[in-house]
Structures are given as structure tokens and as C-alpha cells.
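Let me begin by presenting the structure, written as C-alpha cells, before commenting on it.
Any value given below was found using the heavy atoms of this structure, including those in side chains, with hydrogens, waters and symmetry copies removed.
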Amino acid sequence: MGARVGFIGLGIMGEPMALNLVRTGVALTVWNRSERARRVLVDAGATAAAEPAEVFARSEIVILMLAGTSAIDDVLGPDGARRAEMLTGRTVVNMGTVPPEYSARLAAEITGAGGVFVEAPVSGSRRPAEEGTLVGMLAGPEDAVARVTPILEPLCGALTFCGDVPSALTMKLSVNVFLIAVVTGLAESFHFAAQHGVPATLLRQVLDAGQMSSPISRVKTAKLAAEDWTPQASIRDVLMNNELITESARTAGIASPLLDVTRELYADAVARGDGDLDMAAVVRAISDRSAGGASPELTAGIQPGGTKSGASSV
């Protein structure tokens, strides 16, 4: 892996991912708003850039792990007016989660500027990022995907080619439907048990031994039993992903009944100040609903008379 690689976005996921690249010998140039994260990478052997443009100047391949479209626009220039001087001759790999429609426009703009674009969103949280066991989904020109695959392999336990942009992001949102439903269901299970006096440790023991147990469920049952809300995937990020799914569903004219409900629940969790906690802490918002005595219709986002509330419609 002799390519010069840049990495922009050293957050909860990005920092351990970039560290794994450095540890495998990749010549990595990094940039992040946080000075602390830059120091961690420099101490590990990376080169810190003073600004994003320096990352592009030093790199042939630039990985973006940024929190949403506004952060990407801040780095690459606004939608429709990208900084072509940075993009020409570069391969840009976006590993963050954005709307598929935005990704398709971004691909067209980067290609028009003389660059190459690869989608590479990942499924997983901080622990798989640390362990290099994320599940990566790839889309873009096959030659470009083949070129970046050896760089992404140290980050992922599995990589799947999905086709043309934005098929990887559509796949990622499909995966997240299941993820959000599973973890929210676990949180509600612990709340239900607690309200009936069932010890959380006992519930964890039964769930971890059962056929529904999985790596993600075991991580989250441990957090729920210990009330450990250290973020692996924050409530704020889960809400963002949930909104992407429901917005995409509305655009396509398809139903998303579970995610319509969980969107309101995670919005409640952010409103109560829990946005930076792990997604398992959504159990606190569920507890608020029990304490408040809300009716089943209202807690599901349904107003009396059978119409959805405005907050449920995306």
C-alpha cells in the first residue's frame, strides 16, 4: 500500500479507523477540527495538516469520515460549487452516512472536477472501528473500488461491492433500519423488565444466552445492565440516520412504520439532553414516557382520531 492517503474527520469512529491505518503502515495525513484528535494521530505516526486543502495536496486518496452533509460542504465547498482545485486527480472516499441523493450529486461534481468518487459507508460502532471489524459497503467505478479496497481492508472485517453510487448508501440505510429497531427493542425490553421488578443483570443473562443474541445485542445488554452510556454510536447520530431513512422512505413512497416511531423517540432523547450518550440510553426517554403517563397513541406519534402528528411526518 504505497499510496499517499489523507483522512478527514477524527470523531468517535474516525479516530480509531485512522489509527488502524497508521498502524498498518499507511502514509497518512490527517485533519480534524479537534486538536486533541490530531495529536493522538501524530503520536501514532501520522502527519497533521493545518487545513483540509493541505490533506488533498499531500494525498492521492482522501477518506472522509465526517458527520453529515454540512461538514462535507465545509471541507469540499458548497453543494454545486465544489473546490475543483482540490479534487482534480484525487480519489475521494466517503465513509460517512449521507442521503443517497446527495451522494449521487457529490459523485457527479467530483467526477466533473477531474476526480474519482467512491462510496464506502460502514456498519458498526466504536468498538468494531477499534478492532478493524466494521462492515464496509462499496459503490463507484470498479477500478477505483479495486484501488481503494486494500486501504480499507484493515478497517473492515467484510467489504461488499454494491454497484454504482448511491447503492452503498442505500444498503447502509437498509442495514440501519434493522440496527435501530434491534437496539430500541432491547432498550424497551430492559425498561419493561425494570418496571416489573426484573433485575437487569438477570435479563441480560437470559438474552445473551438466547437465539436472538448477537455481537451488537451483547454489547448493548452490557451497557443497559450497567447504565453505561459512554457513546459508541451516539443518540444524535442515530437520530440523524433515522431521519435519513424516513426521508428516503417518504421520497420513494414506501412505508417505514417502525422507524417513524423510533424517530420521535430519539428526538425526545436529544431534547432531554441525551444526544451525546450511547444509543442504548434511549431507555431514559422511554422511562420518561412511562413517568408521564402518555397514552399508547400519543407515544406512537398518533393523535386521537388516527392522524399522525406533525413530528412524525418527515
Would you find a donor on one side and an acceptor on the other, under 3.5 Å apart, between the side chain of [X] and the backbone of [Y]?
X: Lys223; Y: Gln232; result: no
X: Lys172; Y: Ser123; result: no
X: Thr133; Y: Ala129; result: no
X: Asn241; Y: Asp237; result: yes

Which residues pass the side chain to side chain donor-acceptor pair (under 3.5 Å) test with Glu35, sequence neighbours left out?
->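 Once residues adjacent in sequence are excluded, the partners of Glu35 under the side chain to side chain donor-acceptor pair (under 3.5 Å) criterion are Arg38.
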Non-hydrogen atoms of [X] and [Y] that approach each other most closely:
X: Leu173; Y: Ser248; answer: CD1-CB, 4.4 Å
X: Ala285; Y: Asp268; answer: CB-CB, 4.4 Å
X: Ala50; Y: Trp31; answer: O-NE1, 3.5 Å
X: Ala269; Y: Val282; answer: CB-CG2, 4.5 Å

Is any side-chain heavy atom of [Y] closer than 4.5 Å to one of [X]?
X: Thr97; Y: Leu244; answer: yes
X: Lys220; Y: Ile216; answer: yes
X: Thr47; Y: Val42; answer: no
X: Ile245; Y: Asn176; answer: yes
X: Val62; Y: Val5; answer: no
X: Thr184; Y: Tyr266; answer: yes
X: Arg126; Y: Pro16; answer: yes
X: Leu207; Y: Ser217; answer: no

Checking side-chain contact (heavy atoms from CB on, under 4.5 Å) for the pair Asp278/Ile235: CA distance, chi angles, key distance, verdict?
-> CA-CA 6 Å; Asp278 187 81; Ile235 282 174; over 6 Å; no
Between [X] and [Y], is there shared hydrophobic-cluster membership here, with clusters defined by ILVMFWY side-chain heavy atoms closer than 4.5 Å?
X: Val270; Y: Leu265; answer: yes
X: Val177; Y: Leu239; answer: yes
X: Val55; Y: Leu76; answer: yes
X: Val283; Y: Val238; answer: no
X: Leu10; Y: Leu21; answer: yes

Met17 and Leu134: CA distance, side-chain angles, deciding distance, side-chain contact (heavy atoms from CB on, under 4.5 Å) verdict = CA-CA 9 Å; Met17 291 164 68; Leu134 296 165; 3.9 Å; yes
Whether over 12 other heavy atoms sit under 6.0 Å from [X] [atom1]:
X: Met86; atom1: CE; answer: yes
X: Glu85; atom1: CD; answer: yes
X: Glu131; atom1: CD; answer: yes
X: Asp74; atom1: CG; answer: yes

Rounded to the nearest 0.5 Å, how far apart are [atom1] of [X] and [atom2] of [Y]?
X: Asp274; Y: Met279; atom1: CG; atom2: CE; value: 13.5 Å
X: Arg284; Y: Asp288; atom1: CZ; atom2: CG; value: 8.5 Å
X: Ile61; Y: Phe7; atom1: CD1; atom2: CZ; value: 13.0 Å
X: His196; Y: His191; atom1: NE2; atom2: NE2; value: 9.5 Å
X: Arg127; Y: Met13; atom1: CZ; atom2: CE; value: 13.0 Å
X: Thr69; Y: Met240; atom1: OG1; atom2: CE; value: 9.0 Å

Side-chain H-bond candidate by donor/acceptor type, [X] with [Y], under 3.5 Å:
X: Arg250; Y: Ser256; answer: yes
X: Arg4; Y: Ser59; answer: no
X: Tyr102; Y: Asp73; answer: yes
X: Asp276; Y: Ser234; answer: no
X: Ser213; Y: Asp208; answer: no

Distance-only check: which donor-acceptor pairs under 3.5 Å involve side-chain atoms of residues 103-117, not counting sequence neighbours?
| unit_1 | atom_1 | unit_2 | atom_2 | d |
| --- | --- | --- | --- | --- |
| Ser103 | OG | Glu119 | OE2 | 2.6 |
| Arg105 | NE | Asp79 | OD2 | 3.1 |
| Arg105 | NH2 | Asp79 | OD2 | 2.8 |
| Glu109 | OE1 | Arg82 | NE | 2.7 |
| Glu109 | OE1 | Arg82 | NH2 | 3.4 |
| Glu109 | OE2 | Gly80 | N | 2.6 |
| Thr111 | OG1 | Ala107 | O | 2.8 |

Pick one: which of Asn32, Thr29, Val30 meets side-chain contact (heavy atoms from CB on, under 4.5 Å) with Leu41?
->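 Answer after filtering Asn32, Thr29, Val30: Val30.
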Can we say Glu60 and Arg90 salt-bridge, meaning some charged N sits less than 4.0 Å from an Asp/Glu carboxylate O?
->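 So Glu60 does not pair with Arg90 through a salt bridge.
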Do Ser189 and Leu203 pass the side-chain contact (heavy atoms from CB on, under 4.5 Å) test, and can you show the C-alpha distance, the side-chain angles, and the key distance before you say yes or no?
-> CA-CA 9 Å; Ser189 177; Leu203 175 60; 3.8 Å; yes
Chi angles and distances behind the side-chain contact (heavy atoms from CB on, under 4.5 Å) call for Val75, Leu66 = CA-CA 9 Å; Val75 168; Leu66 294 163; 3.9 Å; yes
Using residues 135-163 as the side-chain source, report each donor-acceptor pair under 3.5 Å to any protein atom, sequence neighbours left out, with the distance given to one decimal.
| unit_1 | atom_1 | unit_2 | atom_2 | d |
| --- | --- | --- | --- | --- |
| Arg147 | NH2 | Thr91 | OG1 | 3.0 |
| Thr149 | OG1 | Val145 | O | 2.6 |

